[in-house]
Amino acid sequence: MTDKVLSLENLKTTFYTDEGTIPAVNDVSFHINKGEILGVVGESGCGKSVTSLSIMGLVQSPPGKIDGGKILFNGKDLLEKTEKEMREIRGNEISMIFQEPMTSLNPVYTIGNQLIESILLHNKWSKKKAKERAIEVLELVGLPRANELINEYPHQLSGGMRQRVMIAMSMVCNPNLLIADEPTTALDVTIQKQILQLMKKLNKDFGTAILMVTHDLGVVAEVCDRIVVMYSGKIVEEGSVKTIFNSPKHPYTKGLLKSVPDIRKKSERLYSIKGNVPKPGSIKKGCAFAGRCEHAFERCFEETPEHFNLGSGQCVRCFLYEEEEAGVAK
Amino acid sequence: MTETLLKVQNLKKEFPINGGILGKQIASVKAVSDLSFEINKGETLGLVGESGCGKSTTGRTLLRLIEKTDGKVIYKDEDITTLRNKEMRALRKEMQMVFQDPFASLNPRQTVEKILEEPLLIHEKLSRKERLVRVYEMMETVGLNKDYAKRYPHQFSGGQRQRISIARALMTKPKFIVLDEPVSALDVSIQSQILNLLEDLQKEFDLTYLFIAHDLGVIRHISDRIGVMYLGSLVELADGEALYEEPLHPYTQALLSSVPIPDPEVANEEEILIGDIPDPSNPPTGCPFHVRCGSCMEICKKEKPQLVEAKDKRFVACHLYNDDLNK
Ligand SMILES: Nc1ncnc2c1ncn2[C@@H]1O[C@H](COP(=O)(O)OP(=O)(O)OP(=O)(O)O)[C@@H](O)[C@H]1O
Ligand SMILES: Nc1ncnc2c1ncn2[C@@H]1O[C@H](COP(=O)(O)OP(=O)(O)OP(=O)(O)O)[C@@H](O)[C@H]1O
Ligand SMILES: [Mg+2]
Ligand SMILES: [Mg+2]
């Protein structure tokens, strides 16, 4: 039990807007083990960022509201914490990095100022000690000239360097959990590679568990231990990276994997999933993927499939497997 | 026989950087420096490289959406960069562009029908009825339900909007289309739909594409030949398969080995490229890549290598392949 750093149980986060109710995170359960890197993948609007923000207690409210479920961090439910307690936890035990490093760094303060401020927020240290720690974490993330860098402003750095600073900032208090929401999406591939290797190194050296949110299956394969696949606010499949890539079960996961053009060989024609990605809540009944699914049958349009356990840590929300097993049992 | 459709010769594009109290030009960004290549009729030439290397500038300059600083773009034996506006307008029918962000490039206040009708109003003399027939035909061709003709762009998903932009580009029956990151903003499952559509359309209408992207998987899939750009120059140009099987330029090699492979069995721990992409307003001397190159020699710091044919149909701009030097 204590192996789990984080465990979400039936989390529901809903946006109540003028245009309607959006169940952005709709009955989501998963966990991250100590020292593990968990990937959350899915297409735009499926609820990846809202899941991360829910954990951090940063969902904009209104219009957002956590309607149910639990977020257990080291066994304690974060949803029962006060805002003051959450502020203690954020940046200290759990930290987060975002896609666009520029928007999360304050342009009017030096890199050093921002780092020292976040160190002093959680530690009763002298300014000198905080500055030493700031330089230390900048070096930790592989930034050159850390001594000078602390006097520079965000706009003086390249995108890759800014993302390193963000990672440095997230590491100042040795968090148990780092949530990284598309940390490399805005970066070029050669820079992405540097950042991914850095994150893997921090995970290994400090045992920091990482929740890696991305839409890039290549990134997942390269850094994650386990994956959850989200579709329209729900988790449709979960398993170890090896299992999901070698034997995906959900028709959506299968389709997604087949749709990516392979850099290793040229295919004559790409596989494609028909139809469009639905907004959470736009499909009122049945499995949200049914309309695009080649295998959908009547039941898929009527009922919502529950998690079906396939063994060895693989879970799928799809009637195909339930029916298959029922068929065998008969 | 391959027939050349478009020939680019020593194309240069510089953007002024203004500053100081008087707002005078203080420097310039060499977005495209001395680019030469050809595009054959019916082929897809892929243009790949990291952000800011000058891909979009190249595409826009070819179509004269922005004016060159120097060089020639020869289309049908004519340097189109010197054509007057009126002559150019006639050519625009044949040369079209599709942009990355289908939302920004579509007028939010026009219905799909209006958006698609407009190119015909400019370029062809047809009755309204004839125009609408063409509009509905095209909607069907790109996979849009024609019941949607009266809808506005914001009522469509990203993939559908990109279908609208593609349809608009095709309305005047063009021969050449610059596709600037046409699938970069799309989800994986939608991206493959659009790539397939573009391939079908190319066959159906005998189109020639310049396909700009930073995604190396997409570029491999779609291109016949590929040009790799770095800091405003082509560093390598080759048939797609040859380029991926055996990349010659150290930058191409680094680029290819940086791409994360969607297969956990593949250990992708090769050397990584150190450092950042240099500032194009202050490019390094010599080879633009030398500051990040693992094989940098003395000459690379001084002399910019030219794009030369190192092997059969394989062009590379790198002193490593300079025979005179290696003798
Ligand atoms: N502040 C908000 N108000 C209303 N709806 C919201 C808000 N934030 C998110 N949503 C909705 O919640 C759903 C999930 O959004 P989320 O940002 O989690 O998607 P995502 O998976 O992170 O997508 P992307 O890959 O594009 O970042 C979307 O349909 C979105 O429109
Ligand atoms: N209108 C402009 N004024 C000044 N500089 C410009 C202008 N357009 C482009 N640039 C600069 O020219 C260089 C090349 O830009 P370009 O947009 O062609 O790159 P790109 O390869 O298309 O990049 P991306 O992959 O990010 O789209 C960049 O340094 C850019 O900042
Ligand atoms: Mg997101
Ligand atoms: Mg561009």
Check: Closest approach of B/Asp187 and A/Glu43, non-hydrogen atoms and distance?
Finding: CB-OE2, 3.0 Å
Note to self: How about OH on B/Tyr148, more than 12 heavy atoms from neighbouring residues, nucleotides or ligands closer than 6.0 Å, or not?
What the structure shows: no
Check: Checking A/Glu268 against chain B: side chain, backbone, both or neither under 4.5 Å from a heavy atom?
Finding: backbone
Margin query: Looking at chain A, which one of B/Gly217, B/Gly143, B/Gly52 has the largest number of heavy-atom pairs inside 4.5 Å, strictly under?
Written below: B/Gly217
Check: Hey, what do you get for OG (B/Ser189) to CG (A/Leu270), rounding to the nearest 0.5 Å?
Finding: 12.0 Å
Check: Considering all heavy atoms of both residues, which atom of A/Arg292 and which atom of B/Ile190 are nearest to each other, and what is their separation?
Finding: NH2-CD1, 3.8 Å
Next item on the list: Quick one: closest heavy-atom pair of B/His221 and A/Pro261, and the distance?
Entry: CB-CB, 4.1 Å
Next item on the list: Pick one of side chain, backbone, both or neither for A/Asn276, based on which atoms fall under 4.5 Å of a heavy atom in chain B.
Entry: both
Check: Which atoms of A/Arg264 come close to chain B, meaning under 4.5 Å heavy atom to heavy atom: side chain ones, backbone ones, both, or neither?
Finding: both
Notebook entry, point to check: For the candidates A/Lys242, A/Arg269, A/Gln194, which exhibits the highest count of non-hydrogen atom pairs separated by less than 4.5 Å from chain B?
Noted result: A/Arg269
Check: Which of the residues B/Gly240, B/Ser157, B/Ser192, B/Gly159 is involved in the greatest number of heavy-atom pairs with chain A at under 4.5 angstrom?
Finding: B/Ser192
Margin query: Using every non-hydrogen atom in the two residues, find where A/Ala221 and B/Asp263 come nearest and quote the distance to one decimal.
Written below: CB-N, 3.5 Å
Item checked: Atom group of B/Ser223 that falls short of 4.5 Å from chain A, counting heavy atoms -> backbone
Next item on the list: Among A/Asp188, A/Ile263, A/Val223, A/Asp216, single out the residue with the greatest number of heavy-atom pairs under 4.5 Å to chain B.
Entry: A/Asp188
Next item on the list: Could you list the residues that satisfy ring pair (Phe, Tyr, Trp, His ring centres under 6.0 Å) with B/Tyr230, not counting sequence neighbours?
Entry: B/Tyr251, B/Phe289
Notebook entry, point to check: Do side-chain atoms of A/Glu222 reach the backbone of B/Val259 as a donor and acceptor pair under 3.5 angstrom?
Noted result: no
Checklist line | Contact class of A/Val220 relative to chain B, heavy atoms under 4.5 angstrom | finding: neither
Item checked: Closest contact, heavy atoms only, B/Glu50 versus A/Thr190 -> OE2-OG1, 2.5 Å
Item checked: Structural part of B/Leu195 lying under 4.5 Å from a heavy atom of chain A -> side chain
Notebook entry, point to check: More than 12 non-hydrogen atoms from neighbouring residues, nucleotides or ligands closer than 6.0 Å to CD on B/Glu265, yes or no?
Noted result: yes
Checklist line | Greatest number of heavy atom pairs closer than 4.5 Å to chain A - which of B/Gln160, B/Glu199, B/Glu245, B/Gln191 | finding: B/Gln160
Next item on the list: Spell out the residues in residues 244-255 of chain A that have some non-hydrogen atom less than 4.5 Å away from a non-hydrogen atom of chain B, in order of number; otherwise answer 'none'.
Entry: A/Phe245, A/Asn246
Notebook entry, point to check: Using non-hydrogen atoms only, which part of A/Lys258 is less than 4.5 Å away from chain B: side chain, backbone, both, or neither?
Noted result: neither
Check: Do you know the tightest heavy-atom contact between B/Arg292 and A/Ile191?
Finding: NH2-CD1, 4.0 Å
Note to self: Are there over 12 heavy-atom neighbours, none belonging to B/Glu140, within less than 6.0 Å of that residue's CD?
What the structure shows: no
